[in-house]
Amino acid sequence: MQVPPFDLTEQLHQLGEALEDAVLQVLRSGQYIGGATIASFEQQFAEAVGTAHAIGCNSGTDALVLALRGLGIGEGDEVITSSFSFFATAEAISAVGAKPVFVDVEESTYLIDLGRIEAAITPATKAVMPVHLFGRPVDMERLGAIAAAHDLLVIEDCAQATGTSWAGRPVGSWGDAGCFSFFPTKNLGGAGDGGAVTCRDQKLAARIRELAVHGMPRRYLHTSLGYNSRLDAMQAAVLSVKLPHLPEWVERRRQLASTYSTELAGLQGLVLPEAGPSGHSWNQFVVRIPRCPSAQAGCGGVCVPSSDSATYGLPESCCRDWLKQALAEAGVNTIIYYPIPIHRQPAYADLGYRPGSLPITERLTAEVLSLPIFPELSAAKQQRVVEVVRQLAGTKAALAI
Ligand SMILES: *Cc1c(COP(=O)(O)O)cnc(C)c1O
């Protein structure tokens, strides 16, 4: 039995006809850019997030860029965020001319360490960009209080967290702006690229809408240098069919996460992710393998340095790499989110972060492994994952040092 990290076939089987009808309707309408299908999805999405406005755009990356630009962040400004994220988080900050300033994460949550934000604030700091990584919400009450005390804007990176909430309120409704991705593997995925910005403020919404269409408040009048970044009608049609299913999909992710947590509990050396407060949407189920498996079960305690750790000055990842390889040989396919932290990427060499400057982030990149989790993952396939992980552990204690 092969278990993939992500698979759309079952969802296509369930929704195939509705999706095909929706796409054909757009195709036959001839209205591909702008129009009622998009406006209607934007309204549905704003309602789901609980904001007055949602503006569709090309991608989650563009959503971040548009939100930053819309809020007036640019050259000379600093934005505090986390380096344990997908590259686009920081790339968007740089794209508007601002500088990403990375704060280390908490080991137990994988999220920005709120206790370290104040030390990173300088007179140039304009905003903080929390990332609800893997679908786990950042404590938005505490973050909001820090931001308010220092007069900082808050731009939420909700790319992995559609359907996530903090204290019962959806993410994307807490900050000045929320940025979502509809990349196919996200909680709400389109049939291609897509994204959206959510916000409360009407003026900000109008500014973002203009920026997304060449800085053009009305036809052929350009008041700013913008982008060509629109959500197209085909994607809006697909997303409108899928959005009503989001709550049940998130619920299924929660069940899968809970099953993993129960069935894999007690394997020493395998650290399970915390569920945290309610509201986690489990876009990923990310375990950690901090130590070498025992001699009989694993790499024999002989660490062969990976080329990444040598090249990018990162901690040894051989224990995790061994488990990943062994799982793959047994048909269980996993992914590493993310093997190299943003601050150690060659593209950011000029920011001057040395090895060890964000020690928890760096260690996590050497230890994390994402087990298969998606709403259509069958109970049988999940049991197979559990069985193989347990087998590789040999006995319950085999992963222990
Ligand atoms: C996916 C992702 C993005 C970018 O979204 P795209 O739609 O792929 O451009 C940004 N931030 C995070 C944390 C992501 O996971």
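One is the number of the first residue; the rest follow in order along the sequence. We count ligands from 1, going down the list as the structure has it; atoms in each ligand are counted the same way.
- Taking the side-chain hydrogen bond (donor to acceptor under 3.5 Å, both in side chains) definition, one finds that D77 meets it with K126, sequence neighbours left out.
- Counting only residues at least two apart or on different chains, the salt bridge (charged side-chain N to carboxylate O under 4.0 Å, His left out) pairs with a member in residues 31-57 are E42-R209.
- For P217, the side chain to side chain contact (heavy atoms under 4.5 Å, CB included) test picks out E210, L221, T223, with sequence neighbours left out.
- A donor and an acceptor atom, one from each side chain of T109 and E106, are located under 3.5 Å apart.
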Check ligand 1 against the protein and report each N/O to N/O distance under 3.5 Å, formatted as atom name, atom name, distance.
| unit_1 | atom_1 | unit_2 | atom_2 | d |
| --- | --- | --- | --- | --- |
| ligand 1 | 5 (O) | S181 | OG | 3.4 |
| ligand 1 | 7 (O) | G60 | N | 2.7 |
| ligand 1 | 7 (O) | S181 | OG | 2.6 |
| ligand 1 | 9 (O) | G60 | N | 3.4 |
| ligand 1 | 9 (O) | T61 | N | 2.9 |
| ligand 1 | 9 (O) | T61 | OG1 | 2.5 |
| ligand 1 | 11 (N) | D157 | OD1 | 3.3 |
| ligand 1 | 11 (N) | D157 | OD2 | 2.8 |
| ligand 1 | 15 (O) | Q160 | NE2 | 2.8 |
| ligand 1 | 15 (O) | K186 | NZ | 2.8 |

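- Judged purely by atom type and a 3.5 angstrom limit, E376 has no side-chain atom pairing as donor or acceptor with the backbone of E10.
- Looking only at distances, no side-chain donor or acceptor of Y337 sits under 3.5 Å from a matching main-chain atom of T365.
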